[in-house]
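Remember, it's 1-based here, ligands and their atoms both numbered in the order they're listed. These figures come from a predicted structure and were not determined experimentally.
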Amino acid sequence: MQYEPIFLKPMQNHEVLSDLLSNIVTDLVVLPELALSGYVFQNQEEVDSVAESIPDGEIFKDFQALSAKKDMSIVYGFAERALDNYYNSAALINPDGSYAIYRKIQLFYREKLFFSPGDRPYFVSTAKSEVKIGMMICFDWQFPEAARSLALQGAQIITHPSNLVLPWCQEAMRTRSLENHVFSITSNRIGTEQNGNFSHTFTGQSQILGTKGEILIRMNDTETGIYTVEIDAALANDKSITEFNNAFQDRRPDMYKLI
Ligand code: ACM
């Protein structure tokens, strides 16, 4: 799913998103990072004005109802308030009412002024039809450990809400998918957002990738909408490369220096 949110207008954005989502039939849909609020914050008050707590947030509860009604899992990015902290988070909501919250671990640029870095390691959740979902957000793409951690824990699909501004992610994600033999869904936003002296232009090109890094769908950098593809998530369980090679069994962690 790709669109341009209106900055600091979560209720208006929620209405647009709800309309778009009511018209589709799918098992899983992925929305952008900070999908309800926009991105270019100038101060903490702006973040506070759009942040929601879980599970009491109004929009979160509305998405829970929509997920049940439409019988689809929903992943979306939002500003989370938790006690005195704010996180750039993603929620997975399932039709049975279960949910999981991922708090962005690798904060980008001025996000560091307004959000705390995620305080829980990468984890895998179960979505509709027992599909294994790993969540990461936007700039997490830069760190191969993120996708690897999710894949090693059994993720079949990496869901990747994004507000991308650098030009490399969409191609880099082909490698993330290929090296881990997982599907990935990057939902990016579009448009230029200006707030005072700060401005970002977002790169669109939301995409769904197969387990060999092949592009199953890639949108352009201006269109709004939702595309679906049908996949067999179980293909991600097969990590074989040749009859002698396996992407996971051939790993040599004792030879790696990661800390
Ligand atoms: C980003 O992490 N939103 C670039």
Side-chain angles (χ1 to χ4, degrees), residues 1-10 13 17 30-44 46-48 50-52 75-81 85-92 101-123 134-150 158-177 184-209 218-222 224:
M1 186 270 161
Q2 176 168 294
Y3 92 131
E4 178 173 2
I6 304 165
F7 187 53
L8 299 185
K9 298 284 182 206
N13 292 326
L17 291 171
V30 184
L31 278 48
E33 175 185 14
L34 294 168
L36 283 310
S37 62
Y39 183 82
V40 185
F41 298 110
Q42 279 208 88
N43 55 56
Q44 200 66 49
E46 288 174 344
V47 176
D48 182 64
V50 296
E52 281 207 339
V75 174
Y76 73 101
F78 70 106
E80 181 189 2
R81 184 189 301 109
N85 290 313
Y86 297 87
Y87 298 98
N88 181 343
S89 295
L92 163 69
I101 307 295
Y102 164 66
R103 294 170 170 167
K104 187 176 185 179
I105 289 174
Q106 307 289 353
L107 296 175
F108 179 71
Y109 195 48
R110 286 172 52 86
E111 289 170 34
K112 292 190 177 190
L113 303 178
F114 310 120
F115 294 106
S116 299
D119 53 355
R120 301 191 287 240
Y122 295 101
F123 62 91
M135 289 186 278
M136 54 187 239
I137 298 178
C138 205
F139 193 51
D140 283 332
W141 71 266
Q142 171 73 58
F143 303 86
E145 294 89 347
R148 180 66 103 200
S149 299
L150 295 172
I158 290 178
T159 57
H160 184 214
S162 294
N163 277 189
L164 292 159
V165 296
L166 301 176
W168 304 294
C169 170
Q170 287 86 345
E171 284 303 297
M173 283 303 293
R174 299 185 68 178
T175 303
R176 298 289 98 80
S177 266
S184 65
I185 307 174
T186 297
S187 168
N188 194 16
R189 62 160 289 180
I190 52 171
T192 295
E193 196 170 271
Q194 169 107 31
N195 185 8
N197 294 328
F198 301 100
S199 160
H200 278 306
T201 295
F202 302 92
T203 60
Q205 300 173 78
S206 296
Q207 62 186 14
I208 302 176
L209 304 179
R218 182 181 279 174
M219 298 175 74
N220 70 26
D221 55 6
T222 55
T224 290

(request) May I ask you to check if ligand 1 and Phe108 share an N or O to N or O distance below 3.5 Å? (result) no
(message) Within the 4.5 Å heavy-atom criterion, are Lys104 and Glu33 side-chain neighbours or not?
(response) yes
(request) Heavy-atom contacts with Glu33 under 4.0 Å: which atoms of ligand 1 show up? List them by number with element. (result) 1 (C), 3 (N)
(request) Apply salt bridge (Lys or Arg N to Asp or Glu O under 4.0 Å) to Asp48 and Arg81, showing your working. (result) CA-CA 8 Å; Asp48 182 64; Arg81 184 189 301 109; 3.2 Å; yes
(request) Evaluate the ring planes of Phe108 and His200, with Trp represented by its six-membered ring, and classify them as parallel (under 30°), tilted (30 to 60°) or perpendicular (over 60°). (result) tilted
(request) Using a cut-off of 6.0 Å, state whether more than 12 heavy atoms not belonging to Tyr109 lie near its atom OH. (result) no
(message) To check your reading of the model: name the closest protein heavy atom to atom 1 (C) of ligand 1, its residue, and the distance in Å.
(response) Cys138 SG, 2.8 Å
(request) With heavy atoms under 4.0 Å as the rule, classify the contact between Gln106 and ligand 1 as side chain, backbone, both or neither. (result) neither
(message) Phe41 vs Phe198, test: ring-ring contact (aromatic ring centres under 6.0 Å, His included). Steps then yes/no.
(response) CA-CA 8 Å; Phe41 298 110; Phe198 301 100; over 10 Å; no
(request) Indicate, as side chain, backbone, both or neither, the part of Lys104 found under 4.0 angstrom from ligand 1 when only non-hydrogen atoms are considered. (result) side chain
(request) Could you tell me whether ligand 1 has any atom less than 4.0 Å away from a heavy atom of Tyr39? (result) yes
(message) How close do Leu164 and Asn188 get, counting heavy atoms only, and between which atoms?
(response) N-OD1, 2.8 Å
(message) Using a 4.0 Å cutoff against the non-hydrogen atoms of Glu111, which atoms of ligand 1 qualify?
(response) 1 (C), 2 (O), 3 (N)
